[in-house]
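Take a look at the structure set out below.
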Amino acid sequence: MFLNSWSLALSLCSLMALILVGIAGRTAIRVLAGWNPASDDNRQIRLENETWLSSTLVAYGLGFQIVSLVLFVLAADSFCEVIVGAMCATGALLANDFGMPTLFVKMAGVFLYGFWIVLHQMDISSEHYPLVRTKYVYLLLLLPFLLLDITLQTSYLAGLEPDIITSCCAVVFGEGEASGGPNLLASLEQPFLLGLFYGLAMLLAVGSYLQFRHYRLLPGAGLAALWAVFLGVGLVAITTVFSSYIYAMPFHRCPFCILKPEYHYFGFALYTTLLPAAFFGISPVLLEPFRRKAGLEPAVATFRREASRIALILV
């Protein structure tokens, strides 16, 4: 499958990200070894210029990896046309052992990569650059995760064969005799799931409003934990409840078919609100430890308000 256009796009995207972040990794080591903002010698000046360039490269590289989540799902949907038994991306992702792990790692990467970009924006918002060491330590910690992301993706593409027999979404997400047996998602009661989903949505809407208006009244860690739970509940609810209404078929449950043109790409509207809402709901509390760094308190406060407003709109 490596000669497929989607495979080439994914591989090129990952290769660019790896090269850009790899180059910045060398800068990270130099920063950890010799960064001294109090100094004005030539070495420090060269290092400051280098960090500007490498940070920009990293931001673009990680941005490519965030976009690769969308490319990966679209590629899997395209692969289903040539894989036996696959009707949508579900079957394509289950065609070997690397499909679903790659998807989950890429979803986690949206948050991990996105937070590095947020850290970078906070750092350059202050003339003291107080987060240079922090963001480059984080970058070095991200490198193994990025390698895992790319390795899983490459293994998935390498293991795809057109004559592999896989399952369709009716088997995987269905219930009863149509699915060939029960599954974990089908065992969830819809009234309970809907009550949990809408209850969390109301709590988060109120919490985001309070954080936007009076952030000191609300513990940020509690709100971030609720956002993490809401993300998981939302993904399950889309799969087991809302998707069947989009299909107008009670027994058709699939988180991927709703991305198809025959359903007016409605899934993109759901996922591009749920994932960013969770990201902007969780990220302010992660920035809170850096609020007292030199020159960062106004920037962190502004980001908290803007992130709360975006999360409030998207929820």
Checklist line | Non-hydrogen side-chain atoms of R304 and L287 separated by less than 4.5 Å | finding: no
Note to self: If hydrophobic clusters are built by linking Ile, Leu, Val, Met, Phe, Trp and Tyr wherever their side-chain heavy atoms come under 4.5 Å apart, do I66 and L12 end up in the same one?
What the structure shows: no
Next item on the list: State, yes or no, whether a side-chain contact exists between T154 and S11 at a heavy-atom distance under 4.5 Å.
Entry: no
Next item on the list: Report yes or no: do F104 and L10 belong to one cluster of Ile/Leu/Val/Met/Phe/Trp/Tyr joined by side chain heavy-atom distances under 4.5 Å?
Entry: yes
Check: Residues two or more places apart in sequence or in another chain: which of them pass ring pair (Phe, Tyr, Trp, His ring centres under 6.0 Å) with F145?
Finding: Y113
Item checked: Over all atoms of both residues, closest heavy-atom pair of Y263 and C257 -> CD1-O, 3.2 Å
Checklist line | Of all pairs that satisfy ring-ring contact (aromatic ring centres under 6.0 Å, His included), the ones with a partner from residues 279-315, not counting sequence neighbours | finding: none
Check: Atom CG of L314 and atom CG of L274: how far apart are they, to the nearest 0.5 Å?
Finding: 9.5 Å
Check: Does Y198 share a hydrophobic cluster with I313, counting links as ILVMFWY side-chain heavy atoms below 4.5 Å and allowing steps through other members?
Finding: no
Margin query: Applying side-chain contact (heavy atoms from CB on, under 4.5 Å) to V31 and T27, what does each step give before you reach the verdict?
Written below: CA-CA 6 Å; V31 166; T27 301; 4.2 Å; yes
Next item on the list: State, to 0.1 Å, how close W6 and N4 come at their nearest heavy-atom pair, and which atoms those are.
Entry: N-OD1, 2.7 Å
Notebook entry, point to check: Quick one: does S126's side chain have a donor or acceptor within less than 3.5 Å of a partner on M122's backbone?
Noted result: no
Checklist line | Any residue meeting ring pair (Phe, Tyr, Trp, His ring centres under 6.0 Å) with Y265, in chain and number order, not counting sequence neighbours | finding: none
Note to self: When you measure from the side chain of R291 to the backbone of L296, do you find a donor-acceptor pair of N or O atoms at a distance under 3.5 Å?
What the structure shows: no
Notebook entry, point to check: When you look at R305 and R309, which way does the side-chain contact (heavy atoms from CB on, under 4.5 Å) test go after all the steps?
Noted result: CA-CA 6 Å; R305 287 176 56 84; R309 178 163 59 181; over 6 Å; no
Note to self: Once rounded to the nearest 0.5 Å, what's the spacing between atom NZ of K260 and atom CD1 of I246?
What the structure shows: 14.0 Å
Checklist line | S78 (side chain) donor-acceptor with L74 (main chain) under 3.5 angstrom | finding: no
Checklist line | Check: F111 and S283 side chains under 4.5 Å, non-hydrogen atoms | finding: no
Item checked: Heavy-atom closest contact (L193 atom, A237 atom, distance) -> CD2-CA, 3.8 Å
Notebook entry, point to check: How far does CG of L112 sit from CG of L146, to the nearest 0.5 angstrom?
Noted result: 11.0 Å
Check: For the atom pair CG (L62) and NE2 (H120), what is the distance rounded to the nearest 0.5 Å?
Finding: 10.5 Å
Note to self: Tell me if a side-chain donor or acceptor on T102 pairs with a main-chain N or O of L152 at a distance below 3.5 Å.
What the structure shows: yes
Notebook entry, point to check: Do you see a donor-acceptor pair shorter than 3.5 Å between the side chains of S54 and Y136?
Noted result: yes
Note to self: Holding to side chain to side chain contact (heavy atoms under 4.5 Å, CB included), I want the full list of residues that pass it with N96, two or more places apart in sequence or in another chain.
What the structure shows: F98, Y156, L160
Next item on the list: Run the numbers on K135 and L139 for side-chain contact (heavy atoms from CB on, under 4.5 Å), then give the verdict.
Entry: CA-CA 6 Å; K135 72 183 182 184; L139 178 65; over 6 Å; no
Notebook entry, point to check: Would a 4.5 Å heavy-atom cut-off, applied to side chains only, mark Y271 and V70 as touching?
Noted result: no
Notebook entry, point to check: What's the spacing between H252 NE2 and S243 OG if we round to 0.5 Å?
Noted result: 7.0 Å
Notebook entry, point to check: Quick one: do F242 and F268 end up in the same hydrophobic cluster if we chain Ile, Leu, Val, Met, Phe, Trp and Tyr together by side-chain heavy atoms under 4.5 Å apart?
Noted result: yes
Next item on the list: Go through the steps to decide whether L20 and V58 satisfy the test side-chain contact (heavy atoms from CB on, under 4.5 Å), and finish with yes or no.
Entry: CA-CA 6 Å; L20 294 178; V58 171; over 6 Å; no
Check: Is there side-chain contact between L103 and F256, with at least one heavy-atom pair below 4.5 Å?
Finding: yes
Check: How would you list all residue pairs meeting salt bridge (Lys or Arg N to Asp or Glu O under 4.0 Å) that involve residues 9-35, not counting sequence neighbours?
Finding: R30-E50
Next item on the list: Give, for atom OG1 of T273 and atom CD1 of I310, the distance between the pair rounded to the nearest 0.5 Å.
Entry: 13.0 Å
Check: Tell me, do C254 and C88 make a side-chain contact under 4.5 Å, heavy atoms counted?
Finding: yes
Notebook entry, point to check: Do L140 and L32 touch side chain to side chain, with heavy atoms closer than 4.5 Å?
Noted result: yes
Margin query: Could you tell me if S14 and Q153 have a donor-acceptor pair between their side chains, going purely by distance under 3.5 Å?
Written below: yes
Next item on the list: Keeping to residues at least two apart or across chains, list the salt bridge (Lys or Arg N to Asp or Glu O under 4.0 Å) pairs with something in residues 94-119.
Entry: K106-D149
Notebook entry, point to check: Can you name the nearest heavy-atom pair linking T90 to P255, along with the distance?
Noted result: OG1-CD, 4.5 Å
Checklist line | S55 (side chain) donor-acceptor with W52 (main chain) under 3.5 angstrom | finding: no
Next item on the list: Verify the neighbour count for atom CE of M100: are there more than 12 heavy atoms of other residues, nucleotides or ligands below 6.0 Å?
Entry: yes
Check: With a 4.5 Å limit on heavy-atom distance, are the side chains of Y247 and R253 in contact?
Finding: no
Check: Is it true that L286 and W116 fall in one hydrophobic cluster, defined by side-chain heavy atoms closer than 4.5 Å?
Finding: yes
Next item on the list: For S68 and Q65, indicate whether the former's side chain and the latter's backbone hold a donor-acceptor pair under 3.5 Å.
Entry: yes
